[in-house]
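Start at 1 with the first residue, then count along the sequence.
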Amino acid sequence: MSLYETVFIARQDISASQVETLTETFAALIAEGKGEVKKREYWGLRTLAFRIKKNRKGHYVLFNIDAPPAAVAEMERNMRINEDVLRYLTVRVDELEEGPSAMLQSRHRDREGTGRERDGRFRDRDRDDRPRRDRPPFEGERDRPAAEGEAR
């Protein structure tokens, strides 16, 4: 049997339990085709890079599958028919990944925190702590005397 990774995106307006039901349905199709879903990962509700069928967010799910090509084709056919599935992608791989995927690892790393905020600044550093950059004086500043503590 061949090894596959499949990721599908479900609509944002269905609940997580409905996504779980959808996942069970697709896993049952693989099992009927004499295949096996080795790993399932729910990545959660994530923002899409662009709108797909008027949706800005979607529920992401990953499958690692060991199944014959006919079972995977049947699963993809059902994904095309299902209104709740926005997109899917199936890739044939040489071996399946053990442990959590890169998406779950990055989510875990984000929860722990790396000392940086989302915009790239450090949390413990305030804007006033930044050293002032030297700049050439403005035309009117050349003639005025330097204030106390001001560098020229």
Side-chain angles (χ1 to χ4, degrees), residues 1-138 150-151:
M1 287 194 273
S2 302
L3 304 174
Y4 299 92
E5 285 186 1
T6 298
V7 175
F8 71 90
I9 306 171
R11 287 187 333 195
Q12 65 187 4
D13 55 343
I14 65 173
S15 67
S17 61
Q18 288 173 311
V19 173
E20 184 62 33
T21 304
L22 203 57
T23 303
E24 293 293 330
T25 304
F26 296 140
L29 286 170
I30 294 295
E32 286 174 13
K34 298 188 178 38
E36 181 183 1
V37 176
K38 298 285 189 179
K39 178 170 69 172
R40 292 180 216 181
E41 287 183 358
Y42 175 66
W43 293 346
L45 186 65
R46 302 178 62 87
T47 304
L48 301 171
F50 53 90
R51 291 175 66 182
I52 302 174
K53 298 180 184 174
K54 299 183 181 178
N55 289 281
R56 293 185 186 276
K57 293 185 175 190
H59 296 273
Y60 282 69
V61 179
L62 167 78
F63 282 149
N64 278 356
I65 301 170
D66 183 10
V72 174
E74 179 62 20
M75 180 191 67
E76 287 181 339
R77 188 184 74 79
N78 279 279
M79 285 182 179
R80 273 194 299 275
I81 293 171
N82 196 318
E83 293 177 353
D84 293 333
V85 177
L86 299 175
R87 293 277 164 93
Y88 66 90
L89 177 69
T90 303
V91 180
R92 186 162 187 251
V93 294
D94 294 329
E95 60 185 51
L96 296 175
E97 252 183 43
E98 294 296 323
S101 66
M103 292 298 288
L104 281 186
Q105 288 173 358
S106 70
R107 183 191 294 167
H108 180 67
R109 187 177 63 236
D110 290 346
R111 264 193 232 132
E112 286 179 357
T114 59
R116 290 184 177 256
E117 292 291 336
R118 287 186 182 259
D119 60 357
R121 290 183 295 164
F122 285 100
R123 281 187 218 147
D124 58 344
R125 193 170 176 193
D126 196 14
R127 284 188 178 268
D128 296 333
D129 294 342
R130 260 191 275 172
R132 293 187 61 143
R133 58 180 175 197
D134 295 328
R135 59 173 173 75
F138 291 118
E150 183 180 50

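Rounding to the nearest 0.5 Å places CD1 of Ile9 at 11.0 Å from CE of Met79. Once rounded to the nearest 0.5 Å, the distance linking OG1 of Thr21 with CG of Asp84 reads 10.5 Å. To the nearest 0.5 angstrom, Arg80 atom CZ is 12.5 Å from Asn82 atom CG. One finds the CD atom of Gln12 at 10.5 Å from the CD1 atom of Ile52 (value rounded to the nearest 0.5 Å). The distance from atom CZ of Arg46 to atom OH of Tyr60, rounded to the nearest 0.5 Å, is 7.0 Å. Atom CZ of Arg11 is separated from atom NZ of Lys57 by 16.0 Å, given to the nearest 0.5 angstrom.
Shortest non-hydrogen contact noted between Gly35 and Ala67 is CA-CB, 3.7 Å. Nearest heavy atoms, Lys34 versus Pro68: O-CD, 3.8 Å. Residues Ala10 and Leu22 share a closest heavy-atom pair of CB-CD2, 4.3 Å. Counting all heavy atoms, side chain and backbone alike, Ala71 lies closest to Ile30 at O-CD1, 3.8 Å. Listed here is the closest heavy atom pair of His59 and Val19: CG-CG2, 3.5 Å.
A donor-acceptor pair under 3.5 Å is formed between the side chain of Asn55 and the backbone N or O of Lys53. In this structure, the side chain of Gln18 engages the main chain of Ser15 through a donor-acceptor pair within 3.5 Å.
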Practice item. Take Leu96 and Lys39, measure what side-chain contact (heavy atoms from CB on, under 4.5 Å) needs, and give me the verdict at the end. Key: CA-CA 9 Å; Leu96 296 175; Lys39 178 170 69 172; over 6 Å; no
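No side-chain heavy atom of Val61 sits less than 4.5 Å from a side-chain heavy atom of Arg40. No side-chain heavy atom of Tyr42 sits less than 4.5 Å from a side-chain heavy atom of Thr23. Counting heavy atoms from C-beta outward, Val72 and Arg92 have side chains that stay 4.5 Å or more apart. Between Met75 and Phe63 there is a side-chain heavy-atom pair separated by less than 4.5 Å.
Partners of Arg87 by salt bridge (charged side-chain N to carboxylate O under 4.0 Å, His left out), not counting sequence neighbours: none found. Asp66 is linked by a salt bridge (charged side-chain N to carboxylate O under 4.0 Å, His left out) to nothing, counting only residues two or more places apart in sequence or in another chain.
For Lys38, the NZ atom counts as loosely surrounded, since its 6.0 Å shell holds 12 or fewer non-hydrogen atoms of other residues, nucleotides or ligands.
Residue pairs meeting the ring pair (Phe, Tyr, Trp, His ring centres under 6.0 Å) criterion with at least one partner in residues 15-39, sequence neighbours excluded, are Phe8-Phe26.
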